[in-house]
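Notes to accompany the following structure.
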Amino acid sequence: MGEDAVTSVGGPPLPPVITEEERQELQEELMKVEDEIQTLSQVLAAKEKHLADIKRKLGITPLNELKQNITKTWQEVTTSTAYRRTSETLSQASLKATAAFSNMGSAISKKLEDVRNAPTFKSFEEKVETLKTKITPTGSTSAPSNQDNSVPETTNSLISQLEGPPTQDAPMQ
């Protein structure tokens, strides 16, 4: 194995040997940098407090800032190329879906018209019309009443006539 492999497998490399004078200079530089960082932190805190005071005086609340950020972000999103492409694609998809639903509605309407014109439906319609004619009173304005409040015999006979006797070929519905 080469030296690089041994160095990478072993622990961290040993610091270079420095003289006491270099060490003293580095300690002083370290103290200076730490002092600068502390000073900058204090200045930053003071600036942030000043900023908060200015915003308070102007009536700028965190909610207002949030609204402004959302508005700005929304404007950036809506002007982006990806948004415009997606919007165009969805618009085209909407047009195609509308056309498809329209075609489907036309097909269903045609099918319902075909069912209405079918002989079976015509026969059913005629039986219902006959039943309606027989049940609706013609001479009087009030419906005939039975003293025992039972269904009139003519209604029962009409219902049985409409249903007809069940057959083995066509089960009763």
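The model shown is predicted, which means the values in this text are computed figures rather than measured ones.
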For residues 81-88, which side-chain donor-acceptor pairs fall under 3.5 Å, sequence neighbours excluded?
residue : atom : partner : partner atom : Å
R84     : NH2  : T79     : O            : 3.4
T86     : OG1  : A82     : O            : 2.8

Below 3.5 Å, can you tabulate the donor-acceptor pairs from side chains in residues 91-98 to any protein atom, sequence neighbours excluded?
residue : atom : partner : partner atom : Å
T98     : OG1  : S94     : O            : 2.8

Enter the distance from E126:CD to T133:OG1 here, rounded to the nearest 0.5 Å. 11.5 Å
Residues which pass salt bridge (charged side-chain N to carboxylate O under 4.0 Å, His left out) with R116, listed by chain and number, not counting sequence neighbours: E125
Going by salt bridge (charged side-chain N to carboxylate O under 4.0 Å, His left out), name the residues that satisfy it together with K111, two or more places apart in sequence or in a different chain. none
Residues passing the side-chain contact (heavy atoms from CB on, under 4.5 Å) test with E76, sequence neighbours excluded, are K72
Results of side-chain contact (heavy atoms from CB on, under 4.5 Å) for E25 - residues two or more places apart only: E21
May I have the list of side-chain donor-acceptor pairs in residues 32-57 shorter than 3.5 Å, sequence neighbours left out?
residue : atom : partner : partner atom : Å
T39     : OG1  : D35     : O            : 2.9
S41     : OG   : I37     : O            : 3.0
K55     : NZ   : E65     : OE1          : 3.4
K55     : NZ   : E65     : OE2          : 2.4

By side-chain contact (heavy atoms from CB on, under 4.5 Å), which residues pair with N117, not counting sequence neighbours? E113, K122
The side-chain contact (heavy atoms from CB on, under 4.5 Å) partners of M104 (sequence neighbours excluded) come to F101, I108
